[in-house]
Structure formats: C-alpha cells, structure tokens
Amino acid sequence: MDLLIEQRSGWVRLTLNRPEARNALNTALLAHIAQTLDSLAHNDSCRAVLLTGAEGNFAAGADITEIEHKSAAEAADDPRKLHWAAIRAFPKPLIAAIDGFALGGGLELALMADLLVLGSTAQIGLPESSLGLIPGAGGGQRLMSLVGRMRATRMVLTGEIIDAATAYEWGIASHVADGPAFPTAAALADRIAQRAPLALAAAKRALVEGAESPLAFATERAGFEALLDTTDKAEGIAAFRAKRRPGFSGR
C-alpha cells in the first residue's frame, strides 16, 4: 500500500506511504499516483485532491536506487515521463500539504499542485546537483516561474534547502500553517469542493497554460537524461550513500 486513498466529502486525500524511504518516489508509486488521479478525473464525487505524505515527510526525492544505474538511453523511454505528464494533466484542483522533507522529485511533485500548504516542519529544495544531476520533471522551470530566475538559480545550483517561512515569503507556497499542514489543507479542500466543478477545471486549465507555456521543460529534461551517463552522477550517488563529500571530475 504505497498510496493510501481516503474519500472525503467532495474531495479525496492521497497519502504517499513509503515511510521507510521517507516516501521517496519510485516508479511504482509514481505510476500509482498517476493512475489514481486519472480515475479520479472521471469521478464526479471528487472535486479536488489533497496530496500528503506519511509519518512526517512529504517525499524526500526520487528513489536513488532506480537512478543509480539508469543510462541516458534508458531514460529516453522511461515510463516515469508518462506518469509525470499524467499527474500534471489532472484537470481538477490539486493541493499538496507538505510536512518534513519535499526534496528533488518530491518538490517537483508538490510544484505540480495548484495550491501548496507548508507545515512548520517543511524543508524544501532541489539538491540534485549534489548527485551530479538536475531536476528531471520540470521542477527548475516551475520554481523559476514562482520565485524568479535568481532565486531559482540559487536553489538549483547550490542545492539549498529552505524552510516554510522562506518558501512562503518567496511565493512558493499559497499557505503556511503554524503546525502540521493537513488541517489547513483539508479546510482548503473543503472550501474548493463546494465550488462549481466546471469553473474549477476551466480556471485551472487557463492558469496552468498561462504560467507554463513559455517554460523550457524539454531542455531541462534533456539535460537530466544526458547527465545520467556521466562519471559525476556515479560519484555523486556513491558519495551520498557513503555520507561523504563527492569528488566531481567534470566527466
């Protein structure tokens, strides 16, 4: 049960449930999210979806075990690309409630949400450069559209992890809670679920297209795929596993 599904009044809560891996997004979990959202898109009793993470974290990133030996050629046909696209194509309001870590792929998932609620323990970032990689699901582009080029560049190049107050100040989050994110996010989902579903879908479509149409998603993805074949990627992951500083060679 890597994804828990809970029907609420007018909306559905989906909980990422791999606590032993801090809810890291492996391919199976990503597929489960995409398939569930596709089903909920055609479910009239669901007017919004709230994404949460189990046991104090949202998602600590992608599953490094899957990336470690993946080549650029394999990534070109990676089913994860279809899963990411399906998540972004979900036509109803999507809310993410973040407690603990939302890093790498976890933050990329959160940035696909229409509204983002941060709890007081939230720590978010795109630290892929420490593994010899860059964001691979549009995270850098979406972050730039929210915070501007300089702050996005700062986070992507340095791997800086920021807290909830900073993320809210920079415009990454729509709401910040004094404690856990869920109560604030649930109240938001309740409010949205009472509104006209066709209007919600039309508003989301217009807002997403307006915000994302000029972004260089293909360029970012191509860069990610090319980096999978580098020595630096292998060194970055080896250093992460050994809890040591990586020695990057630029190859």
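Just so it is clear, the structure is predicted and the values come from calculations on it, not from any experiment.
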In Å, rounded to the nearest 0.5 Å, how long is the span from CG of Leu40 to SG of Cys46?
-> 4.5 Å
Dump the intermediate steps for side chain to side chain contact (heavy atoms under 4.5 Å, CB included) on Met155 and Thr158, then the final yes or no.
-> CA-CA 5 Å; Met155 290 185 68; Thr158 70; 5.6 Å; no
Is any side-chain N of the basic residue among Glu66 and Lys70 closer than 4.0 Å to the acidic one's carboxylate O?
-> no
Within a strict 4.5 Å, meaning less than it, do heavy atoms of the Trp84 and Leu25 side chains meet?
-> yes
Could you walk me through whether Thr36 and Ile5 pass the side chain to side chain contact (heavy atoms under 4.5 Å, CB included) test, one step at a time?
-> CA-CA 9 Å; Thr36 303; Ile5 303 170; 3.9 Å; yes
Which atom pair, heavy atoms only, marks the closest approach of Gly119 to Ala164?
-> O-CB, 3.3 Å
Please walk me through it: do Val117 and Ile98 pass side chain to side chain contact (heavy atoms under 4.5 Å, CB included)?
-> CA-CA 6 Å; Val117 181; Ile98 309 299; over 6 Å; no
Looking only at heavy atoms, which two atoms of Ile95 and Ala113 are closest? And how far apart?
-> C-CB, 4.1 Å
Quick one: do Arg18 and Asp63 make a salt bridge, cutoff under 4.0 Å?
-> yes
Connected via hydrophobic side-chain network under 4.5 Å: Met144 and Leu126 | no
Taking the side chain as every heavy atom from C-beta outward, state whether Arg142 and Leu146 have any atom pair closer than 4.5 Å.
-> no
Under 6.0 Å from the six-membered ring centre of Phe182 and within 45° of its axis: does the NZ or CZ of Arg13 meet both?
-> yes
Tyr168, Leu188: one ILVMFWY side-chain cluster at the under-4.5 Å cut-off?
-> no
Interatomic distance, Leu3 atom CG to Leu37 atom CG [nearest 0.5 angstrom] = 8.5 Å
Asn57 (side chain) donor-acceptor with Ala102 (main chain) under 3.5 angstrom | no
Side-chain donor or acceptor of Thr15 paired with backbone N/O of Asn17 under 3.5 Å = no
Would you call Lys204-Glu209 a salt bridge at under 4.0 Å N-O?
-> no
Check for a donor-acceptor pair, side chain of Glu220 on one end and backbone N or O of Gln141 on the other, with a separation under 3.5 Å.
-> yes
List the steps and the verdict of side chain to side chain contact (heavy atoms under 4.5 Å, CB included) for Leu51 and Phe58.
-> CA-CA 9 Å; Leu51 281 174; Phe58 184 71; 4.1 Å; yes
Can you check whether Leu200 reaches Ile192 side chain to side chain, under 4.5 Å on heavy atoms?
-> yes
Reported CZ-to-CG distance for the pair Arg88 and Leu94, which is rounded to 0.5 angstrom | 8.0 Å
Is the CZ atom of Arg245 crowded by more than 12 outside heavy atoms at less than 6.0 Å?
-> no
Answer yes or no: is there a side-chain heavy-atom contact under 4.5 Å between Leu16 and Ile33?
-> yes
Ignoring hydrogens and angles, tell me if any N or O in the side chain of Gln123 forms a donor-acceptor pair with the backbone of Ile161 under 3.5 Å.
-> no
Given side chains that start at C-beta, do those of Gln194 and Arg47 come closer than 4.5 Å, heavy atoms only?
-> no
Report yes or no: does Asn23 contribute a side-chain atom to a donor-acceptor pair with the main-chain N or O of Ala54 at less than 3.5 Å?
-> yes
Is there a donor-acceptor contact under 3.5 Å from the side chain of Glu128 to the main chain of Ile134?
-> no
For the residue pair Ile124 and Thr166, establish whether any side-chain heavy-atom pair is separated by less than 4.5 Å.
-> no
So which heavy atom on Gly210 is nearest to which on Ser213, and how close?
-> O-OG, 4.2 Å
Report yes or no: does Glu235 contribute a side-chain atom to a donor-acceptor pair with the main-chain N or O of Pro246 at less than 3.5 Å?
-> no
Between Ala86 and Ala34, which heavy-atom pair has the shortest distance, and what is it?
-> CB-CB, 3.9 Å
Verify same cluster id: Val156, Leu227 (apolar side-chain graph, 4.5 Å) = no
Are the side chain of Asp229 and the backbone N or O of Ser71 linked by a donor-acceptor pair below 3.5 Å?
-> no
ILVMFWY network linking Trp11 to Leu14, side-chain heavy atoms under 4.5 angstrom = no
First locate atom OG1 of Thr184, then atom CG of Asp178, and finally report the distance between them rounded to the nearest 0.5 Å.
-> 7.5 Å
Ion pair Arg8/Glu6, N-O distance below 4.0 Å = yes
Examine the side chains of Asn43 and Ser45 and answer whether a donor and an acceptor come within less than 3.5 Å of each other.
-> yes
Any Lys/Arg nitrogen of Arg241 or Glu68 sitting under 4.0 Å from an Asp/Glu carboxylate oxygen of the other?
-> yes
Identify whether the distance between the nearest side-chain nitrogen and carboxylate oxygen of Asp232 and Arg251 falls below 4.0 Å.
-> no
Minimum heavy-atom distance between Gly10 and Ala193, given as atom pair plus value = O-CB, 3.6 Å
Is the shortest heavy-atom distance from the side chain of Val49 to the side chain of Lys92 under 4.5 Å?
-> no
Identify the heavy atoms of Gly136 and Arg221 that sit nearest to each other, and give their distance.
-> O-NH1, 3.0 Å
Ser249 versus Thr231, side-chain donor and acceptor atoms under 3.5 Å = no
First locate atom CZ of Arg149, then atom CG of Leu143, and finally report the distance between them rounded to the nearest 0.5 Å.
-> 13.0 Å
Would you check if the side chain of Lys233 reaches a backbone N or O of Leu133 as a donor-acceptor pair within less than 3.5 Å?
-> no
Residue pair Ile64 / Leu131, side-chain heavy-atom distance below 4.5 Å = yes
CG-NE2 distance between Leu228 and His69, expressed to the nearest 0.5 angstrom | 12.5 Å
Transitive ILVMFWY side-chain link Leu111 to Leu30, under 4.5 Å | yes
Distance-only, no hydrogens or angles: does the Asp99 side chain make a donor-acceptor pair with backbone N or O of Pro180 under 3.5 Å?
-> no
